[in-house]
There are 2 protein chains.
Amino acid sequence: MTADPPRLRADARRNVEGIRLAALDVFRANGLNSPLDEVARAAGVSKGTIYHRFGGRQGLIDAVVEELVAERIKGIITAVSAIEDPVERFESYLRQIWLLQYDEPAANDVLLRSLPGSEPVAALCEHANEVAGNLLGDAQATGVIRDDVTAEDVYLLIWERGIIARSCAQQPRDGYRRRLEYTLRGLRSTAC
Amino acid sequence: MTADPPRLRADARRNVEGIRLAALDVFRANGLNSPLDEVARAAGVSKGTIYHRFGGRQGLIDAVVEELVAERIKGIITAVSAIEDPVERFESYLRQIWLLQYDEPAANDVLLRSLPGSEPVAALCEHANEVAGNLLGDAQATGVIRDDVTAEDVYLLIWERGIIARSCAQQPRDGYRRRLEYTLRGLRSTAC
DNA sequence: AGGGTTCTTGACCATGACGTCAAGTAATGC
DNA sequence: GCATTACTTGACGTCATGGTCAAGAACCCT
């Protein structure tokens, strides 16, 4: 069953790992659309090697996306599901996702689905959305969150943050956080 | 004093006007960063003519920005200043600017200052900001708008909408408007 | 009508990215 | 240690954009 073992040569193994690490660095800094030449340079290999080893950008992303963002998104989902209060749970989820988007440009490329090809990415995205929908429903049941907010609204709120975070790395983090609270406040029912 | 009259030749005058019109169309549809080749094609001239007549993108923008967005922004400012209630005035201003951004991608290129060179654009932008700051102050004085909102927050709220509107032309207008109201609600004081 | 001037053209260069592949280089197994 | 195979390289082709300019076309005046 373990039909994998065409075992790579030593230099190839070294390069695969080096490229993975370089890709993590570069993608973290500039998102998943960074030029592959840059990754190659950072890894000390030539561009051709990346294509040879990973088949192109898509394959390279698949190889790092787990470590880059999937784990963090899953971590957020796990963390908030331990919260008792449905409203707090919902708001905490949004807060954390929004901050992840600020801190990790690559997360946006995942959440914005700007990479149609990657299967694991699509699945993760799907899952996160479903979770968000459930959190919203629970929070609305308490009456604290407006009931005209839809799951799509939540998706778009995240999507919007992604666009924004991607377009400006310079916005100070504090102000960004403060404004997130305004947005959350706007989702609450008007009847105090 | 009127030292202008090196009077253009007939074909040149025709082209200048044709290019202006084409630029209005193309810029309206795709923003101020549209390829100049596209403008040229729409005007039925060659790219070189645009460079020759307007000196490049910057000059072309200067030639159309007034008609394209300046008038509309000024119109909004005039319209809201007739509103009595300071809160309504402030919120109405934001609503209208946000809708302008939705309807006119080019407005964003102005408001986002993505065109460092253009002097009239910069002035307009400056002025709009100042107005927004005043409207905010008046609205806060009533106690209805949170007093921790800063003029920069307002600038950024507009900026953010610009980024968003620019990135997705497909968002249905109704949903967009509805979500604007959430945002406005988030700026009101929590003490109902 | 035709000569002198103004204007336009589109081929051209440059940049920066993606992706490919023949030829050269390095590890491995014997 | 050397032949064989796996691996890497970097120059090359391509595309899309911004911008330039010599040569040819259009206009205007007399």
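The chains referred to below are lettered A, B, ... by the order of the sequence lines, with proteins before strands, and numbering in each begins at 1.
As a whole-Å value, the separation of A/L60 CG from C/dC18 P is 11 Å. Rounded to whole angstrom, the span from the CG atom of B/N33 across to the C1' atom of D/dG18 amounts to 12 Å. Across the protein-nucleic acid pair, A/D37 atom CG and C/dT15 atom C1' stand 13 Å apart, rounded to whole Å. Rounded to whole angstrom, the span from the CZ atom of A/R41 across to the P atom of C/dC18 amounts to 11 Å. Between the P atom of D/dG19 and the CD atom of B/Q58 lies a distance of 10 Å, rounded to the nearest Å. Atom CZ in A/R57 sits about 17 Å away from atom P in C/dG16, given to the nearest Å. B/I50 has its CD1 atom 14 Å from the P atom of C/dG10, to the nearest Å. One can place CZ of B/R7 at 16 Å from C1' of C/dT5, the figure rounded to the nearest angstrom.
No more than 12 heavy atoms of other residues, nucleotides or ligands shown are found within 6.0 angstrom of CD on A/E130. Around CD of B/E88, the count of heavy atoms belonging to other residues, nucleotides or ligands within 6.0 Å exceeds 12. Shown here is A/R13, whose CZ atom has more than 12 heavy atoms of other residues, nucleotides or ligands within 6.0 Å.
Between B/R89 and B/E84, none of the side-chain N atoms (NZ, or NE/NH1/NH2) sits under 4.0 Å from a carboxylate O, so this pair counts as no salt bridge.
For A/N15, no side-chain nitrogen or oxygen approaches OP1 or OP2 of D/dC7 to under 4.0 Å.
When the nearest nucleotides of DNA chain C are assigned to B/H52 and A/G56 by heavy-atom distance, the more 5′-ward of the two goes with B/H52.
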query = Can you give one letter per nucleotide of nucleotides 20-30 of chain D, going 5' to 3': B for a protein heavy atom under 4.0 Å from the base, S for sugar-phosphate only, - for none?
reply = BB----BSS--
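Distance check: B/E160 CD to A/Y176 OH gives 8.5 Å after rounding to the nearest 0.5 Å.
For residues 40-50 of chain A, no pair satisfies side-chain hydrogen bond (donor to acceptor under 3.5 Å, both in side chains), with sequence neighbours left out.
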